[in-house]
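The structure presented is a predicted model; accordingly, all values stated were derived computationally and were not measured. Scope of the values below: all heavy atoms of this structure, side chains included, with no hydrogens, waters or symmetry mates.
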Amino acid sequence: NMTEEVAMDYELQRKGLREIRGNVVARTIEIEFSLDKLLTELFYYGIIDEQLKNKFDSAILKQSRLSLSKKIEFLERLAKLSDYKLELNDIVKNLKKVSEVRNDFAHSIISFHPNEEANKLLPFMYIKGEKIALDKPYFDELNQLFGSIGNQIDNFIKKFTNFNPNNKNA
């Protein structure tokens with residue numbers, strides 16, 4: 001027995017959460033493209049040949065069977081061989097969080113539970129058996145993660161390619 005006001009609020013929230021699901025997937029794709037650039041630069045360190053880098057990117061990284069989690073594993077392996085272990089391990093940690101959030105939004109059920117005080121239904125997602133409130137603090141943390149990882153990767157690429165002694169574009 002929902003009031004009309006609660007029913008309208010529920011419908012608005014439901015539509016909003018659908019949009020958020022789409023945004024999470026879209027932002028993850030953008031981050032994955034940055035990851036592809038990072039992997040290419042690390043893998044071809046010291047090599048200036050852009051055609052070779054583009055072939056690697058299109059033949060290996062953009063092929064559909066190489067998932068985000070496989071790319072993260074690849075970065076993890078490259079990090080072990082790198083002089084930038086600490087920075088790259090931090091990027092890997094944040095990429096794993098992004099991947100987890102993407103999977104949560106792609107595969108988890110969102111349900112609404114009544115909140116008597118607010119006289120509305122509040123959204124929750126069940127992740128690994130745990131009930132997570134989809135509230136402002138949750139989305140603030142998500143925005144922070146998604147905003148910072150893109151910058152983290154881009155800043156590392158800039159630093160890395162500027163340091164590269166063979167890079168004439170630096």
Side-chain angles (χ1 to χ4, degrees), residues 14-110 123-128 130 132 134-164 166-167 169-170:
R14 197 179 66 74
K15 284 179 181 173
L17 285 165
R18 281 187 89 124
E19 192 174 313
I20 289 168
R21 272 190 203 251
N23 289 340
V24 165
V25 172
R27 288 286 291 129
T28 303
I29 291 167
E30 291 168 6
I31 290 165
E32 188 171 355
F33 274 69
S34 292
L35 173 58
D36 290 351
K37 174 115 178 80
L38 174 60
L39 289 171
T40 302
E41 291 300 331
L42 285 170
F43 197 73
Y44 284 101
Y45 179 72
I47 296 171
I48 315 160
D49 186 345
E50 290 302 316
Q51 276 189 319
L52 188 61
K53 291 179 181 181
N54 288 338
K55 283 180 185 172
F56 174 76
D57 184 54
S58 60
I60 305 297
L61 299 176
K62 296 290 189 289
Q63 66 142 327
S64 61
R65 280 180 254 134
L66 195 56
S67 67
L68 176 59
S69 58
K70 290 291 177 201
K71 291 177 186 180
I72 295 170
E73 284 175 27
F74 185 37
L75 178 60
E76 223 169 354
R77 279 190 235 115
L78 287 176
K80 288 177 185 168
L81 307 171
S82 171
D83 294 335
Y84 301 95
K85 273 184 201 64
L86 290 176
E87 284 176 90
L88 290 173
N89 285 337
D90 194 44
I91 289 172
V92 165
K93 181 184 77 174
N94 288 330
L95 284 169
K96 284 181 177 180
K97 286 181 194 170
V98 165
S99 179
E100 208 171 280
V101 168
R102 188 215 84 62
N103 289 339
D104 291 342
F105 271 90
H107 304 291
S108 296
I109 292 172
I110 295 175
F124 291 87
M125 188 165 30
Y126 289 88
I127 303 168
K128 298 180 188 103
E130 190 181 342
I132 307 291
L134 301 181
D135 53 11
K136 185 177 178 342
Y138 175 84
F139 286 116
D140 287 348
E141 192 177 316
L142 212 61
N143 285 329
Q144 169 62 33
L145 171 67
F146 277 78
S148 66
I149 185 63
N151 291 335
Q152 192 181 17
I153 292 171
D154 293 342
N155 290 338
F156 182 85
I157 290 171
K158 279 181 198 147
K159 179 178 126 177
F160 185 74
T161 53
N162 284 336
F163 179 75
N164 184 340
N166 296 321
N167 187 351
N169 299 325

Does [Y] offer a backbone N or O that forms a donor-acceptor pair with the side chain of [X] under 3.5 Å?
{"X": "Ser99", "Y": "Leu95", "value": "no"}
{"X": "Ser108", "Y": "Phe105", "value": "no"}
{"X": "Ser148", "Y": "Gln144", "value": "yes"}

Looking only at heavy atoms, what is the nearest atom pair of [X] and [Y], with distance?
{"X": "Glu87", "Y": "Lys159", "value": "OE2-NZ, 2.6 Å"}
{"X": "Ser34", "Y": "Ile153", "value": "O-CG2, 3.6 Å"}
{"X": "Lys53", "Y": "Ile47", "value": "CE-O, 3.1 Å"}
{"X": "Asp104", "Y": "Met125", "value": "O-SD, 3.5 Å"}

Does a salt bridge link [X] with [Y], judged by any charged N lying under 4.0 Å from a carboxylate O?
{"X": "Glu41", "Y": "Lys37", "answer": "yes"}
{"X": "Glu73", "Y": "Arg77", "answer": "yes"}
{"X": "Glu141", "Y": "Lys97", "answer": "no"}

Separation of [Y] [atom2] from [X] [atom1] (nearest 0.5 Å):
{"X": "Phe139", "Y": "Leu145", "atom1": "CZ", "atom2": "CG", "value": "13.0 Å"}
{"X": "Asn143", "Y": "Tyr138", "atom1": "CG", "atom2": "OH", "value": "10.5 Å"}
{"X": "Ile149", "Y": "Thr28", "atom1": "CD1", "atom2": "OG1", "value": "11.0 Å"}
{"X": "Asp36", "Y": "Asp57", "atom1": "CG", "atom2": "CG", "value": "5.5 Å"}
{"X": "Ile127", "Y": "Asn103", "atom1": "CD1", "atom2": "CG", "value": "10.5 Å"}
{"X": "Leu134", "Y": "Ile20", "atom1": "CG", "atom2": "CD1", "value": "8.0 Å"}

| Taking side chain as C-beta onward, heavy atoms only, is Leu42 less than 4.5 Å from Leu88? |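 In contact.
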| query | Do Leu68 and Leu35 come close enough that some side-chain heavy atom pair is under 4.5 Å? | reply |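 Yes, close enough: below the 4.5 Å cut-off.
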So with a 6.0 Å cut-off around [atom1] of [X], is the heavy-atom count from everything else above 12?
{"X": "Arg18", "atom1": "CZ", "answer": "no"}
{"X": "Leu86", "atom1": "CG", "answer": "no"}
{"X": "Lys55", "atom1": "NZ", "answer": "no"}
{"X": "Asp140", "atom1": "CG", "answer": "yes"}

| query | Parallel, tilted or perpendicular for Phe156 and Tyr84, by the 30°/60° rule? | reply |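 The arrangement is perpendicular - the two ring planes meet at more than 60°.
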| Qualifying residues under ring pair (Phe, Tyr, Trp, His ring centres under 6.0 Å), relative to Phe43, sequence neighbours excluded |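 Listed in chain order: Phe56, Phe74.
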| Name the one of Lys71, Arg102, Lys70 that satisfies salt bridge (Lys or Arg N to Asp or Glu O under 4.0 Å) with Glu32? |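 Answer to the salt bridge (Lys or Arg N to Asp or Glu O under 4.0 Å) test with Glu32 among Lys71, Arg102, Lys70: Lys71.
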| task | Output all residues satisfying salt bridge (Lys or Arg N to Asp or Glu O under 4.0 Å) with Asp154, sequence neighbours left out; order by chain, then residue number. | result |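 Here no residue qualifies.
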| request: Show your reasoning for whether side-chain contact (heavy atoms from CB on, under 4.5 Å) applies to Val24 and Leu142. | output: CA-CA 9 Å; Val24 165; Leu142 212 61; 4.3 Å; yes
